[in-house]
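Structure, as structure tokens:
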Amino acid sequence: MPELPEVERVRRELEPVFRGQRISRVVLNRENLRRPFPVGFVTRLEGQTVGTIARRGKYLFFLLSSGEMLLVHLGMSGSFRVARRGELPAPTSDDPGHDHVVIDLTSGVRVVFNDPRRFGVMDLMAAGPPGDGLALGPEPLDPAFDAEVLARACARRRTPIKVLLLDQGVVAGLGNIYATEALHRARLSPRRAASTIATRSGRPRPAARRLALAIKEVLTAAIERVPGRRYRESRFRAYEREGERCRRRGCRGVIRRIVQAGRSTFYCPVCQR
DNA sequence: ATTGAGACCTGTCGGC
DNA sequence: TGCCGACAGGTCTCAA
């Protein structure tokens, strides 16, 4: 499920739960997710007090009093539940289903990590700037990410712009939905070679300016959006709207679905050029 | 150096 | 009802 906005929302939900709390108990209901839990995972977590939770791209970093950091990636289907102890089955129930990790805090709160597809990751890493060593590109909401940076990353790249936006080394945190949505917002065809929005004579093209801005707008709106009625309806302007009318004012196009790098892309062939 | 295809998993949904 | 394929918001690795 989660791209940058969803991960950021998880961060905001969990930080007040964890911050300043000590981890009293950790239970693993299996030995791996996408990859094995690191050696000593449980003992290195138990007894630690958690500080802030940082985010880089789609990764979360729980800062521990030991100096280590707990790294979490939600993959496709990872999620956390927060409950009071006792509201849930014992952490070592016979059938944990997809509840792979249970974390008890001294506050009496229990946090459960659930991940049916197990594309998620949990790991422990040495102290350091969150994200170091993960080869992530800039944070799209950081002012340092702008049209120039984006244009430079596009230079001489013949790959379609949509595919390039999914490259976490180019910009960290976009996934299939928000790459799709940003391109719709910027009125850019997902099929365009990335190089066609690169710099020209040292200046970013207007397309690069529109796209950098659209990325920021789409992500910001998604972080702040409040779920509610019509949430699903109004969520996307292109994603999963194949066959529907383009929602851009004045545009009479119909949203098409294509496959790029094995993933669905939705776009309006009329207003996205 | 890039790029595409396949692999990793389970769940859901639509069609027959 | 059941079976089957297509598809799902993400990486990672391998081969061309």
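Lettering of chains follows the sequences in order, A, B, ..., and the numbering in each one begins at 1. For the numbers below, each heavy atom of this structure counts, side chains included, while hydrogens, waters and symmetry mates do not.
- What separates CZ of A:Arg158 from C1' of B:dA1 is a distance of 10 Å, to the nearest Å.
- Regarding contacts with the backbone of B:dT2, every side-chain N or O of A:Arg156 stays at 4.0 angstrom or more from both OP1 and OP2.
- Distances shown here put a side-chain N or O of A:Ser264 below 4.0 Å from the OP1 or OP2 atom of C:dA8.
- Residue A:Ile258 contributes atom CD1, which lies 19 Å from atom P of C:dA6 at whole-angstrom precision.
- Rounded to an integer number of Å, the gap from CD of A:Glu240 to C1' of B:dT12 is 12 Å.
- A close approach under 4.0 Å does occur between a side-chain nitrogen or oxygen of A:Arg257 and OP1 or OP2 of C:dC7.
- Distance from the side chain of A:Arg263 is smallest for C:dG9 among the nucleotides C:dC12, B:dT3, C:dG9.
- Electrostatic pairing of A:Glu13 and A:Arg9 does not count as a salt bridge here, judged by no charged N lying under 4.0 Å from a carboxylate O.
- Across all non-hydrogen atoms, the minimal contact from A:Ala212 to A:Leu150 is N-CD2, 3.7 Å.
- The distance from the CG atom of A:Leu4 to the CZ atom of A:Arg55 is 4.0 Å, given to the nearest 0.5 Å.
- By the 4.0 Å N-to-carboxylate-O rule, A:Arg209 lies too far from A:Asp146 to be salt-bridged with it.
- Taking side-chain N and O atoms only, A:His73 has no distance below 4.0 Å to OP1 or OP2 of C:dG10.
- Between the P atom of C:dT11 and the CG atom of A:Asp123 lies a distance of 15 Å, rounded to the nearest Å.
- At least one side-chain nitrogen or oxygen of A:Gln168 sits closer than 4.0 Å to the OP1 or OP2 atom of C:dT11.
- Residue A:Gly175 is classed as a sugar-phosphate contact, given heavy-atom separations below 4.0 Å to backbone atoms only.
- For B:dC9, its base sits under 3.5 Å from the side chain of A:Arg117 at one donor and acceptor pair at least.
- For C:dG9, there is no paired base (Watson-Crick or G-U wobble, both distances below 3.5 Å).
- A:Leu165 has its CG atom 15 Å from the C1' atom of C:dG9, to the nearest Å.
- One finds a side-chain N or O of A:Arg118 lying less than 4.0 angstrom from the OP1 or OP2 phosphate oxygen of B:dT10.
- In this structure, the aromatic ring of A:Phe119 is not positioned over the six-membered ring of the base of C:dT11 within 5.5 Å between centres and 30° between planes.
- How far CD of A:Glu46 is from CZ of A:Phe41: 10.5 Å, rounded to the nearest 0.5 Å.
- If you take atom P in B:dC9 and the same atom in C:dC14, they sit 15 Å apart, rounded to whole Å.
- Taking atom P on both B:dA5 and C:dA6, the two are 16 Å apart, rounded to the nearest angstrom.
- Atom CG of A:Asn114 is separated from atom P of B:dT10 by 13 Å (rounded to the nearest Å).
- Note on A:Arg235: every side-chain N or O is 4.0 Å or more away from OP1 and OP2 of C:dG9.
- As a whole-Å value, the separation of A:His98 NE2 from B:dC9 C1' is 9 Å.
- Here B:dC13 presents its P atom at 18 Å from CD of A:Glu242, a figure rounded to the nearest Å.
- Of all heavy-atom pairs spanning A:Ile255 and A:Ala238, the tightest one is CG2-O, 3.7 Å.
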